[in-house]
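Before any comments, here is the structure.
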Protein chains: 2
Amino acid sequence: MNIADQTFPAIDGANEDRAQAIRDQLRDAIVDRRLAPGTKLSEGEVGTLFDVSRTVARAALQMLSFEGLVRTERNRGAFVANPSPEEARQVFASRRLIEPGIAIAAAGRMTPADVAAFKTQLEEEGRFIAERGPTARRSEIKASGDFHLLLAAVAGNVILQRFMEELVARSSLVIALYGRSGISSCGHNEHMQILEALEAGNAERASALMLHHIDHIEADLDLRVRSGPALRQALEF
Amino acid sequence: MNIADQTFPAIDGANEDRAQAIRDQLRDAIVDRRLAPGTKLSEGEVGTLFDVSRTVARAALQMLSFEGLVRTERNRGAFVANPSPEEARQVFASRRLIEPGIAIAAAGRMTPADVAAFKTQLEEEGRFIAERGPTARRSEIKASGDFHLLLAAVAGNVILQRFMEELVARSSLVIALYGRSGISSCGHNEHMQILEALEAGNAERASALMLHHIDHIEADLDLRVRSGPALRQALEF
DNA sequence: TCGGCAGAAATCGTATGCAATCTTTTCCAA
DNA sequence: TTGGAAAAGATTGCATACGATTTCTGCCGA
């Protein structure tokens, strides 16, 4: 999987920050697994693809590097991150710490509009599960992450929201690398249960369900080190 | 307070990343309050001060902007962040969520070397409290933050560690803006109590103490909006 | 055939130039 | 004096150029 094989919508050269737009495109591609972990993202290529100079492409890659989605090596370039099992565990440890609290905060702030937004989101999620094929699978992983992001938005703390954006994006990478099965339908059920608790204003229950939900996601991963770490490093694409 | 009044150690033009070195210098200056909130950080000036091109200075400022220490406005430039009371509350809400968990994780991983490091840190903290003068006050705030950063390092989760680095840095800004008194000596006592609990392996107690500690720090702030938000915005340096 | 070395090609790090945008100053009329 | 418009100045956004570093390639000797 090479970045040159991807097609990206043109960046509207309007007043918006173009580097940010490119970052968003690339992030989507990484989270959707259209760009595999380890793929090289050279400044020149990214620039050509989006029709901007290396300066702008570089800025976009720097942003992704801050988010942990891209790893940059001096004088070598940027690569889609290839999280280690240990990193994967830390991602989920972080989520276990943060998301139950976010659920509690969100429970106290849910508006009818929020409930409606969640229902729309969950419907879409359900549709992707029903469909078959790799495209649907990708959309499904994305939608599953969107549930958590929506929750973070409702919680109303922009700092935590940004942390969650990073954690959800990194989780997608981790699931891509270490995911075992299609536990997703189970996750969908759990999302619905969490929404019920939120709608009922039952913060405690929402929080507990969230904790279990994260445990379930992580339990579906196979985080055993497959071979000696030296070999793994050497093979790192 | 203008950035041009500051003196910075020269960046060693060696193999290290120069933008990163500049970011660290600027972050220290912001956290130490040598650069006041609202101070303009123009690319050209930063570049001249550190003897690098605007390209490198720009990269450093972009990093600080990601950390929330610097706010950038398109076509206008970068300014030391000026967090609103609401933002301040969110910083502390985030810390209340994360730090008790970090304390628990750290309690299970403390080595004798860690304990020694904490003791050294707390001694230094104590020294700054004893001293008088604005310089000592700055060092004291910095040292107080270092306690929390050390704890995050011991906890062993690099993701959470990075989150904490951001939160501690932003807290320094918030304290600079909204801090009322020298509650710091009280904070120092609390740090010592937390260390005792950690040393005893009492994770629950360490966690509870941490939560109270954060509450105390926030309680020392005066987060009332001083004037109409419109006026405040207008006066924003 | 294989390892390794030299040159070529690719890629990155950084400085600099130019256009676009914003800010400040100047100046004139009310 | 005050308001406002226009010019001058400063600063950013972006592209491009060039040296430095790394990677690739082809060739040679063992």
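Just so you know, these numbers use all the heavy atoms, side chains as well, and skip hydrogens, waters and symmetry mates. Letters A, B, ... are given to chains in the order of the sequence lines, protein chains preceding strands, and every chain is numbered from 1.
Per the geometry, CZ belonging to B/Arg58 stands 4 Å off P belonging to D/dG13, to the nearest Å. Atom CG of A/Asp17 is separated from atom C1' of D/dG13 by 9 Å (rounded to the nearest Å). Residue B/Leu41 contributes atom CG, which lies 13 Å from atom P of D/dT11 at whole-angstrom precision. At whole-Å resolution of the value, CZ in A/Phe50 and C1' in D/dC14 are 17 Å apart. For A/Glu73 and C/dA10, the CD to P distance is 21 Å, given to the nearest whole Å. B/Asp51 has its CG atom 20 Å from the P atom of C/dG13, to the nearest Å. The interatomic distance linking A/Glu43 (CD) with D/dC18 (P) rounds to 18 Å, in whole Å.
Checking the phosphate oxygens (OP1, OP2) of D/dT12, no side-chain nitrogen or oxygen of B/Arg76 falls inside 4.0 Å. Close to D/dA15, at under 4.0 Å from its OP1 or OP2, lies a side-chain N or O of A/Arg18.
For residues 158-177 of chain A, the set of pairs meeting the ring pair (Phe, Tyr, Trp, His ring centres under 6.0 Å) definition, not counting sequence neighbours, comprises A/Phe163-B/Phe163.
Looking only at side-chain heavy atoms (C-beta outward), A/Gln161 and A/Met164 stay at 4.5 Å or farther from each other. Residues A/His148 and A/Arg95 form a side-chain contact, since some pair of their non-hydrogen atoms from C-beta on lies under 4.5 Å apart. Looking only at side-chain heavy atoms (C-beta outward), A/Phe50 and A/Arg18 stay at 4.5 Å or farther from each other.
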Between protein and nucleotides 17-20 of chain C, what N or O pairs are separated by less than 3.5 Å?
from	atom 1	to	atom 2	distance (Å)
C/dG17	O6	B/Arg54	NH2	3.3

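Nucleic acid contact class of A/Thr55 (heavy atoms, under 4.0 Å, all strands): base.
Ion pairing between a basic and an acidic side chain is recognised when a charged N comes within 4.0 Å of a carboxylate O; A/Glu45 and A/Lys40 show no such pairing. Using a 4.0 Å cut-off between charged nitrogen and carboxylate oxygen, B/Arg170 and B/Glu87 count as a salt-bridge pair.
Sequence order on DNA chain D of the closest nucleotides to A/Ser53 and B/Ala78 puts B/Ala78 first from the 5' end.
Distances were taken from every side-chain heavy atom of A/Lys40 (C-beta onward) to each of C/dG13, C/dT11, D/dA15; the shortest belongs to C/dT11.
Neither side chain, A/Ser65 nor A/Arg71, offers a donor N or O lying under 3.5 Å from an acceptor on the other.
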